[in-house]
Amino acid sequence: MNVRLNAKEINLNSKIEITGSKSETNRLLLLKALYPNIIIENASNSDDSEVMNSALTSNNQTIDVHHAGTAMRFLTAYFASQENKTVTLTGSSRMKERPIKILAEALIQLGANIDYLENDGFPPIKIKGQKLTASKISLQANVSSQYISALLLIAPSLPNGLELELIGEITSFSYIKMTLKLLQEIGVETSFIGNSINVKPKFQDPNPKTIIVESDWSSASYYYSIIALSKEGTQIALSSFKENSLQGDAILATIYEQMGVETHFDEGKITLIKNVKPINQNIKLDLNSAPDIAQTIAVTAFGLGISCELKGLHTLKIKETDRLEALQNELSKLGASISITNDSLQIEPAKSINSNRNIATYNDHRMAMAFAPLALKTNINIENAEVVSKSYPNFWSDLKKVGFEIS
């Protein structure tokens, strides 16, 4: 499905309900599989979370996670720790290109039995669940935080817990903190001192515990972009968000101040307002702790006609697509002057934006959603628009609510 977008201006006072964070939901689904007394409210309705949930409740010997990278990482750790259960994990053609070796080798050090069925270091993998009795491992700190979180999530169920030493500079620190906070919320004892993480074993199911998932800040990013590209005084209210969020992407509130967006917190919702202050003409950011919002920020800067320099983006090359290359390809179609390296991008101010260009999405939900706000500046066509269901199934209907014309 391709969609054509047009949005001369949006409704001045719009309200949108965003479902729970995919990142929090997927972590809690794994913890619920280990500790059934956990009750999850406001769970994400994303494809990724549905894949995760169905895999954890399935009796199938082969589980296909399709494009769900988080599910692949978390389920690898989970099934490795499930004694006497044999599972083959597979996925889409892109998933078979996304590395799993660092996580698999760490699990093997703990006692896991994992075999690669096609290419060494990549899915599909066959896992024979074992009792993982070893408890000390080390891991390079600049790998995907999902490898680290996968290990931490199963740690309390291991006989001796886990001592994890991270070597070097930590990537996506906020996601590791999120995992540890959720463990603490169900009564698991953890510590994070320097580069050393310790998770104590927890053998008893906690008393029935209800955890309300905060709405997804990554999904909120597209509304920050819409407000930044709108006229002064435009507002959008989003539910349900916390000022003391566990999500690293909550840094949006600070970042978008530079692009003219104010964030007001009030009783579980945020209101985004386009203010009258001058915007920063040269955005420079290190997104090492929040790489998922890089596409949105880059596209917003291009739409505003300002320069933008983003670094700390090395994990973007192993996402649903090589996101740096994809950004370069698609922004160039629109007239952008953009250069990339292995971990950074730079955009120079554009004099104009080309109209009626088709934006390829590369099976990447964030490409579709990051480019959609540009409809406020020019007519734009998004290819394979249904890909948004991976994280935000209601995205297109919600854009209609705020005033976008979609055909």
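As a basis for the values below, the full set of heavy atoms in this structure was taken, side chains included, without hydrogen atoms, waters or symmetry mates.
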[atom1]/[X] to [atom2]/[Y] distance, rounded to the nearest 0.5 angstrom?
{"X": "D47", "Y": "S391", "atom1": "CG", "atom2": "OG", "value": "8.5 Å"}
{"X": "I186", "Y": "L31", "atom1": "CD1", "atom2": "CG", "value": "4.5 Å"}
{"X": "Q295", "Y": "L310", "atom1": "CD", "atom2": "CG", "value": "10.5 Å"}
{"X": "E17", "Y": "L238", "atom1": "CD", "atom2": "CG", "value": "9.5 Å"}

Note to self: Once salt bridge (Lys or Arg N to Asp or Glu O under 4.0 Å) is applied, what residue pairs with a partner in residues 396-407 remain, sequence neighbours excluded?
What the structure shows: D398-K401
Next item on the list: Given side chain to side chain contact (heavy atoms under 4.5 Å, CB included), test D120 with K101 step by step and report yes or no.
Entry: CA-CA 8 Å; D120 185 60; K101 191 168 191 173; 2.7 Å; yes
Note to self: Walk me through whether D343 and T341 qualify under side-chain hydrogen bond (donor to acceptor under 3.5 Å, both in side chains).
What the structure shows: CA-CA 5 Å; D343 66 351; T341 69; 3.2 Å; yes
Note to self: Taking side-chain hydrogen bond (donor to acceptor under 3.5 Å, both in side chains) as the criterion, tell me which of D216, N394, N45 meets it with T19.
What the structure shows: N45
Modelled atom types, side-chain donor and acceptor of [X] and [Y], under 3.5 Å:
{"X": "E214", "Y": "S245", "value": "yes"}
{"X": "T25", "Y": "S44", "value": "no"}
{"X": "Q346", "Y": "S339", "value": "no"}
{"X": "N198", "Y": "S191", "value": "no"}
{"X": "D48", "Y": "T70", "value": "no"}
{"X": "D64", "Y": "T90", "value": "no"}

Heavy-atom neighbours of [X] [atom1] exceed 12 at 6.0 Å:
{"X": "Q204", "atom1": "CD", "answer": "no"}
{"X": "K85", "atom1": "NZ", "answer": "yes"}
{"X": "E189", "atom1": "CD", "answer": "no"}
{"X": "Q109", "atom1": "CD", "answer": "yes"}
{"X": "K131", "atom1": "NZ", "answer": "no"}
{"X": "I137", "atom1": "CD1", "answer": "yes"}
{"X": "K126", "atom1": "NZ", "answer": "no"}
{"X": "K96", "atom1": "NZ", "answer": "yes"}

Looking only at atom types and distance, does a side-chain atom of [X] sit under 3.5 Å from a main-chain N or O of [Y], one as donor and one as acceptor?
{"X": "S54", "Y": "V51", "answer": "yes"}
{"X": "K32", "Y": "I38", "answer": "yes"}
{"X": "E386", "Y": "M1", "answer": "yes"}
{"X": "N11", "Y": "S14", "answer": "no"}
{"X": "K284", "Y": "E309", "answer": "no"}
{"X": "T361", "Y": "D364", "answer": "no"}
{"X": "E383", "Y": "N358", "answer": "no"}
{"X": "N195", "Y": "L166", "answer": "yes"}
{"X": "S174", "Y": "S289", "answer": "yes"}

With side chains defined as the heavy atoms from C-beta onward, is the minimum distance between [X] and [Y] less than 4.5 Å?
{"X": "T76", "Y": "I100", "value": "yes"}
{"X": "T271", "Y": "E262", "value": "no"}
{"X": "N142", "Y": "I170", "value": "no"}
{"X": "T88", "Y": "Q61", "value": "no"}
{"X": "V87", "Y": "L89", "value": "yes"}
{"X": "I39", "Y": "I211", "value": "no"}
{"X": "S215", "Y": "N42", "value": "yes"}
{"X": "I382", "Y": "L5", "value": "yes"}

Selection [range] - residue pairs positive for ring pair (Phe, Tyr, Trp, His ring centres under 6.0 Å), sequence neighbours left out:
{"range": "residues 369-407", "result": "Y222-F395, Y392-F395"}
{"range": "residues 55-89", "result": "none"}
{"range": "residues 228-264", "result": "W217-F241, Y224-Y256"}

Margin query: Any salt bridge linking E24 with R27? Criterion: basic side-chain nitrogen under 4.0 Å from a carboxylate oxygen.
Written below: no
Checklist line | Test: R94 and D322 ion pair at under 4.0 Å | finding: no
Next item on the list: Evaluate the criterion side-chain hydrogen bond (donor to acceptor under 3.5 Å, both in side chains) for residue pair Y362 and E325; output intermediate values, then yes/no.
Entry: CA-CA 11 Å; Y362 306 84; E325 190 174 296; over 6 Å; no
Notebook entry, point to check: By side chain to side chain contact (heavy atoms under 4.5 Å, CB included), which residues pair with S407, not counting sequence neighbours?
Noted result: R4
Margin query: For T234, give me all partners under side chain to side chain contact (heavy atoms under 4.5 Å, CB included), at least two apart in sequence or on another chain.
Written below: I10, L12, I227, S230, K231
Next item on the list: Given side-chain hydrogen bond (donor to acceptor under 3.5 Å, both in side chains), test D292 with S218 step by step and report yes or no.
Entry: CA-CA 7 Å; D292 279 346; S218 303; 4.8 Å; no
Minimum heavy-atom separation for [X] to [Y], with atom names?
{"X": "M52", "Y": "A71", "value": "SD-CA, 3.8 Å"}
{"X": "L252", "Y": "A220", "value": "CD1-C, 4.4 Å"}
{"X": "S307", "Y": "N282", "value": "OG-OD1, 2.8 Å"}
{"X": "A155", "Y": "L162", "value": "CB-CB, 3.6 Å"}
{"X": "M259", "Y": "T300", "value": "SD-CG2, 3.7 Å"}

Note to self: Working note: S149 + T179, criterion side-chain hydrogen bond (donor to acceptor under 3.5 Å, both in side chains); need CA distance, chi angles, decisive distance, verdict.
What the structure shows: CA-CA 6 Å; S149 286; T179 303; 2.7 Å; yes
Check: For I226 and L376, what are the C-alpha separation, side-chain angles and deciding distance, and is it a side chain to side chain contact (heavy atoms under 4.5 Å, CB included)?
Finding: CA-CA 8 Å; I226 288 167; L376 287 159; 3.9 Å; yes
